[in-house]
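Structure first, commentary second.
Model, not experiment: these values are computed from the prediction.
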Amino acid sequence: MTKPQIALIITSVIFVVLIFQLPKVIIKNDKQLKSSTQTAQNASVSAPVAPDEHTKSVKKEDLEKIEVLRKNYYSFSNKEKKLKFADSISRLYLKAMVFDSAAKFSGEVAALNPKPETWEKAGDAYNQAALVAGDAEKAEFSAKSRSFYEKILENNPKSYDVKAKMAMTFVGGPEPMKGIMMLREVLKDEPNNQAAIFDLGILSLQSKQHEKAISRFNDLLKLNPNHTAGLLYMGIAQYEMGERSEAKQYFEKAKMLNTDPVFASTIDSYLKELK
């Protein structure tokens, strides 16, 4: 039986489960944008602009906004203006699931306005980019993600949710045990940390330790009965164990709580198999 491929996305940032492999996008192949204002026309713009392949998932109206914002971002030197442009660009790319470009401009925001909030947002964006990237880009994006998370942990070692996120950047690379040990450290210091419990549940599920995964998700749902991703993955774990009735209950509750189309399509694919 063929089931949808689900890529893990860190839950405390964007609450969407990716099923299918998203198109990869590469920033370095951008080409120059058409000028949007007279000021921009006269400016020396060093930044390239996305080719059609890079922006094919972006709606036309959003692409037009991005073109203007990017042109202005690279044309103006005023820090406050650049900060607003970069943040708007990142949001538009994220909306279109162009994760590497969203990460690039989240990083620009963090550089212009360095503080824990912007570091975490940039770290999250690069983490998302790594999840859908090819092998060559994955390592680079994961390293950039960690670099932002490390800044936060240097200032506040008790940022356990951030430590859990950083742990997961190791799991998909050459040092998976380092990430697992970090998650265990989080739970040792904060036993009820939902991010670490969830991530360990996911790792158990991925390694086909279904009973252990169910135990982890049980712990999570005791703390947060409406943890939508936890409900979904609990349903998947029950499904893999052949507990069809229980799986259906978790799937239906998750779908009731989260109507996001991508999330709903994941659940529908499993409910269809349960009929």
Side-chain angles (χ1 to χ4, degrees), residues 9-10 12-15 25-51 54-55 57-133 137 139-159 161-163 165-166 169:
I9 199 164
I10 302 303
S12 54
V13 188
I14 291 190
F15 204 43
V25 286
I26 304 173
I27 293 172
K28 62 184 178 183
N29 288 334
D30 287 357
K31 63 184 179 181
Q32 186 175 357
L33 284 166
K34 294 180 179 180
S35 56
S36 58
T37 63
Q38 186 63 43
T39 301
Q41 287 175 340
N42 296 330
S44 176
V45 180
S46 60
V49 175
H54 185 74
T55 57
S57 65
V58 185
K59 292 182 179 179
K60 181 180 179 181
E61 58 267 31
D62 288 338
L63 182 58
E64 291 173 352
K65 293 176 184 177
I66 288 171
E67 289 178 349
V68 173
L69 289 165
R70 285 182 59 114
K71 193 72 174 181
N72 289 337
Y73 175 79
Y74 289 111
S75 299
F76 289 91
S77 59
N78 179 276
K79 180 179 177 180
E80 293 302 317
K81 288 183 179 180
K82 288 178 74 71
L83 184 61
K84 291 179 180 179
F85 293 146
D87 184 64
S88 296
I89 295 167
S90 178
R91 290 174 185 273
L92 286 168
Y93 275 130
L94 187 60
K95 175 184 175 183
M97 293 188 179
V98 184
F99 293 119
D100 59 349
S101 289
K104 172 182 169 61
F105 284 96
S106 289
E108 298 291 334
V109 170
L112 290 164
N113 186 23
K115 59 182 181 179
E117 292 80 6
T118 58
W119 293 334
E120 185 170 3
K121 185 176 179 180
D124 292 343
Y126 273 109
N127 204 351
Q128 294 156 23
L131 288 170
V132 299
E137 295 87 5
E140 176 187 354
F141 293 154
S142 292
K144 287 184 177 180
S145 178
R146 284 194 294 273
S147 72
F148 286 109
Y149 292 150
E150 285 168 351
K151 292 178 184 291
I152 300 170
L153 292 170
E154 286 171 3
N155 286 275
N156 182 11
K158 293 186 177 181
S159 296
D161 284 351
V162 172
K163 187 173 181 178
K165 293 177 187 180
M166 190 168 80
T169 68

> Is there a donor-acceptor contact under 3.5 Å linking the side chains of Ser75 and Asn72?
Replying inline: no
Just so I know, are the side chains of [X] and [Y] near enough to count as touching, which here means a heavy-atom distance under 4.5 Å?
X	Y	answer
Leu92	Lys59	no
Tyr126	Thr169	no
Phe141	Phe99	no
Lys165	Asp124	yes
Asp161	Glu120	no

In Å, rounded to the nearest 0.5 Å, how long is the span from [atom1] of [X] to [atom2] of [Y]?
X	Y	atom1	atom2	value
Leu63	Arg70	CG	CZ	10.0 Å
Leu153	Trp119	CG	CH2	11.0 Å
Asn127	Leu131	CG	CG	5.5 Å
Ser88	Tyr93	OG	OH	13.0 Å
Lys163	Ile152	NZ	CD1	14.0 Å

> Under the side-chain contact (heavy atoms from CB on, under 4.5 Å) criterion, do Leu94 and Gln128 qualify, and how do the steps go?
Replying inline: CA-CA 10 Å; Leu94 187 60; Gln128 294 156 23; 3.3 Å; yes
Check: [X] side chain, [Y] main-chain N or O, donor-acceptor pair, under 3.5 Å:
X	Y	answer
Ser106	Ala122	no
Ser90	Asp87	no
Thr118	Lys115	yes

>> Between Lys71 and Glu67, does any NZ, NE, NH1 or NH2 come within less than 4.0 Å of an OD or OE carboxylate oxygen?
In response: no
>> Aromatic contact between Tyr74 and Phe85, with the criterion being ring centroids under 6.0 Å apart: yes or no?
In response: no
> Which pairs, with at least one residue in residues 145-159 and sequence neighbours excluded, count as a salt bridge (charged side-chain N to carboxylate O under 4.0 Å, His left out)?
Replying inline: none
> Can you pull the salt bridge (charged side-chain N to carboxylate O under 4.0 Å, His left out) pairs that have at least one residue in residues 74-84, sequence neighbours excluded?
Replying inline: none
> Looking only at heavy atoms, which two atoms of Tyr73 and Ala86 are closest? And how far apart?
Replying inline: CE1-CB, 3.7 Å
>> Just to verify, what does Lys95 make a side chain to side chain donor-acceptor pair (under 3.5 Å) with, not counting sequence neighbours?
In response: Asp62
